[in-house]
2 protein chains.
Amino acid sequence: MTAPPHEAHPAGPGRSLPDTQQGMRRRNLARVMHAVSAEGPLSRAAVASRIGLTRAAVSTLVDELIRSGLLEELGPQRPGRVGRPGSALAVSGRGPAGIGAEIGVDHLAVCAVDLSGRTRSRAERHGLNRGRSPRTVIEELNELIRLVVAGAEGEGLRPAGLAVAVPGLVARDARTVVRAPNLDWRDTDLGGLLPSGFPLTVDNEANFGALAELWLGEGTPRDFLHVSAEIGIGAAVVVDGGLLRGTRGFAGELGHVPVRPDGPECACGGRGCLEQYAGEEAVLRAAGLEPDEDRVGLLAGRAAAGDEDVRRALRDAGTALGVALTGAVNLLDPESVVLGGELSALAPWLLPSLRDELARRTAGPACPVSVSRLGPQGPLLGAAHSVVRAVLDDPAAVAGRA
Amino acid sequence: MTAPPHEAHPAGPGRSLPDTQQGMRRRNLARVMHAVSAEGPLSRAAVASRIGLTRAAVSTLVDELIRSGLLEELGPQRPGRVGRPGSALAVSGRGPAGIGAEIGVDHLAVCAVDLSGRTRSRAERHGLNRGRSPRTVIEELNELIRLVVAGAEGEGLRPAGLAVAVPGLVARDARTVVRAPNLDWRDTDLGGLLPSGFPLTVDNEANFGALAELWLGEGTPRDFLHVSAEIGIGAAVVVDGGLLRGTRGFAGELGHVPVRPDGPECACGGRGCLEQYAGEEAVLRAAGLEPDEDRVGLLAGRAAAGDEDVRRALRDAGTALGVALTGAVNLLDPESVVLGGELSALAPWLLPSLRDELARRTAGPACPVSVSRLGPQGPLLGAAHSVVRAVLDDPAAVAGRA
DNA sequence: ACTAATTTGTAAATCGGCATGACGAATAGC
DNA sequence: GCTATTCGTCATGCCGATTTACAAATTAGT
């Protein structure tokens, strides 16, 4: 019964939970974990000054966290300042681990991340998943998960949750895949197929990619738009450090934003959707190429080799993206736009026209567009880290299950 | 030093304030206020069961709130059930009041709202404000404010804050108007010109309109898109019961979403922005009418009279709005779209084509579009209520200043 | 080397705030 | 009238953070 990680914040004081002392304790435990996790080894006194509690209070909190195996005492710090040196505290390397999994069109991947953010175990398998039944794919995935879990346990870690990234729309129950065109899945509940030993979260690949960017990217703001693309074009909206999910969980469907209202018909019923200009299939067609296995690699290779058709196709896709993003930027006023996922490999040829278009359509200074450093492994890392963040956000919950 | 009302929620446990008993007390005071305010007269026991605290705890909280003048004891309730009847509690009709003000293109309005939401005093003045200097306009506004404040005090109310709605972009400091095309104002700091007796908040008219819809509308969801228009077209995005403001506070600029990327040039630098198809000036031009004083009234009148040119112009505007809203709905997945402000008067002729366009471009069931019941007085009410909500959200803050 | 100053971590006492349990008060049903 | 039920309050206790005090460990100064 853990709260889904990084849900939008609960409402105002009206409807939230009653505020009792236990809740206070829990929140303060969380603050200690966040402080230690974010700012490396820290003494009790340092934590106290950072989170605004007294040293005495922090002492008891830390005791509890150490007993739960979430924090480790590293011993006396090497001092440069006067006074008694503090004893360094760090998140435990043998505590809970976040298990992240990714179901891609042409691969499966699983990894385990410890509280400090280090990847401690991983496994993957290549091979097309398109059209295969959810059951078959998930069975293979479960095999990888067993492997990774065993590996993590071998290092003294205890899996605290599983988060699965899928290339498609996921309902707000974080269990059922409503539509995944790349896999030909519709309305499939993954809840029953995946291991049930620990809390499960299923979410859109783009969402997890955005969270990875938020947590792992350097200098990533708390308000940005994360764009990623495979066959469809997904975006994730990060507002004030949290994901915007929408009523049904479908927020971020950039692919069907109208770019040319009178353009060709789209499967969605509309006309001139972005997907028809910047979607993978559209770009391949415009470049005069056949759809093949590693589509993005093919495009990137040809573009790098100087293929003018491909470059033109990518330029045009960038322009279309620019139009759609102008709308999004006007509406959301984000601090930046980040291109992530598979898109980052094509960024060199997309970016110039995209930035041009965005700047041309913006009155003041245009919203900066950057490329994710994490690239295609963003979703997997984001998934694993989402479990870790859930632990940091409520350490008492996992401690209780220890 | 009050927190700005209804800012986006603070971050996760990492950066928030330390959690001490006083904070707990404050939050519980707020919960009591919200419960009583939302669900009419309530006994202490009823409040306790609603917010999950014990009767004893609620008793002390209520005592404090009564002493601060925020709650009133109405005496024994008329009972229908067995057992000792409870003593009804209601928000005070003599406590703090929210002062809301609106600067429109052709009018000024001010009102005072008590904690129960009733308007207790109001004043307005008609006359064009376009082109007049901020100083002159604000001086007139201050006169109205003085009037309303005096009226409120005459009824035993104590002004707790002032919120001003302006038809333009407001910086995140909630004080300076960055751009207000309808007034010809640019980068003007209203902080120094307005009365300084109580906390001040300046915000976009569309934002306050959306908040009014959220708080006063019946059955309004917690995630919706509120569209309003004067010369520009503004939208406000409500996510999980709070406003999405954007990094600079400019979120919701629907007017410059590209609708036809190759359309005519716009003042913003772009081409084919929504404003050029659905903006007031554009619609008037398309209808073959001259800009005049009461533009919206003129359009509504002609359309109602059956003027086919006007009706066509409004139909086309609705279609353009539909295209822009398709993008927005795809991106945000709101529960509904609400047409508010001056737009609501034109809704009968805009809605059909708007809904058509939105439905045509949506795969599943289209996002429902409704019209605000509050109409043009939404912004003023939203402003006044924002102050009231700030009191409900942190009663201890005003009690301290009592 | 010795002392003073400074900082850390912990222990004891205190305080604030909610829960618990008991009680008188006020009502409905019999 | 009697009982069951509900409401508001009081005394008590528990939990959690603060305050105050103190021993331990280091640097700076003489």
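Lettering follows sequence order; numbering is per chain, from 1.
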Any A/Asn28 side-chain nitrogen or oxygen under 4.0 Å from OP1 or OP2 of D/dA17: yes

B/Ser43 versus B/Leu89, closest heavy-atom pair with distance: C-CD1, 4.4 Å

Any side-chain heavy-atom pair of A/Leu115 and A/Leu71 under 4.5 Å: no

Salt-bridge present (B/Arg27, B/Asp19; N to O < 4.0 Å): yes

Side chain B/Gln21 and base C/dG16 donor-acceptor under 3.5 Å: yes

Atom-to-atom span, CE of B/Met24 to P of D/dA17 - whole angstrom: 10 Å

Distance, rounded to the nearest Å, where A/Leu53 contributes CG and D/dC15 contributes P: 19 Å

5' precedence on DNA chain D between A/Thr54 and A/Pro76 (nearest-nucleotide basis): A/Thr54

Positive for side-chain contact (heavy atoms from CB on, under 4.5 Å) with A/Leu70, one of A/Leu65, A/Leu29, A/Val36: A/Leu65

Non-hydrogen atoms of A/Gly69 and A/Pro96 that approach each other most closely: O-CD, 4.3 Å

Terminal axes of the helix from C/dA1-D/dT30 to C/dC30-D/dG1 (five pairs each): angle between them, nearest 10 degrees: 10°

Presence of salt bridge, B/Arg44 and B/Glu73, under 4.0 angstrom: yes

Distance below 4.0 Å between B/Arg81 side-chain N/O and D/dT6 OP1 or OP2: no

Nearest-angstrom distance from the residue atom CG of B/Asp63 to C1' of C/dG16: 16 Å

For atom CD1 of B/Ile51 and atom P of C/dA19, their distance in whole Å: 9 Å

Pair A/Asn28, A/Arg25: side-chain N/O donor-acceptor within cut-off below 3.5 Å: no

Side-chain ion pair, A/Arg50 and A/Glu39, N-O less than 4.0 Å: yes

Closest listed nucleotide, where the reference is the side chain of B/Leu61 and the choices are C/dT6, C/dC18, C/dT8: C/dC18

A/Ser59 side chain near C/dG9 phosphate (N/O to OP1/OP2, under 4.0 Å): no

Distance-only donor-acceptor test (3.5 Å): side chain A/Arg84, base C/dT8: yes

Gap between atoms CG and C1', on A/Leu65 and C/dG9 respectively (whole Å): 16 Å

Residue B/Ser43, side-chain atoms from C-beta onward, closest of D/dT18, D/dG8, C/dG17: D/dG8

Atom pair distance, as rounded to whole Å: CG in A/Leu42 and P in C/dG9: 10 Å

Value in whole Å for how far the C1' atom of D/dA25 lies from CZ of A/Arg55: 13 Å

side-chain N/O A/Arg44 vs C/dT10 OP1/OP2, d < 4.0 Å: yes

Nucleotide C/dG9, atom P - distance to CG of A/Leu89 in whole Å: 7 Å

Sugar-phosphate, base or nothing in reach of B/Ala56, heavy atoms under 4.0 Å: base

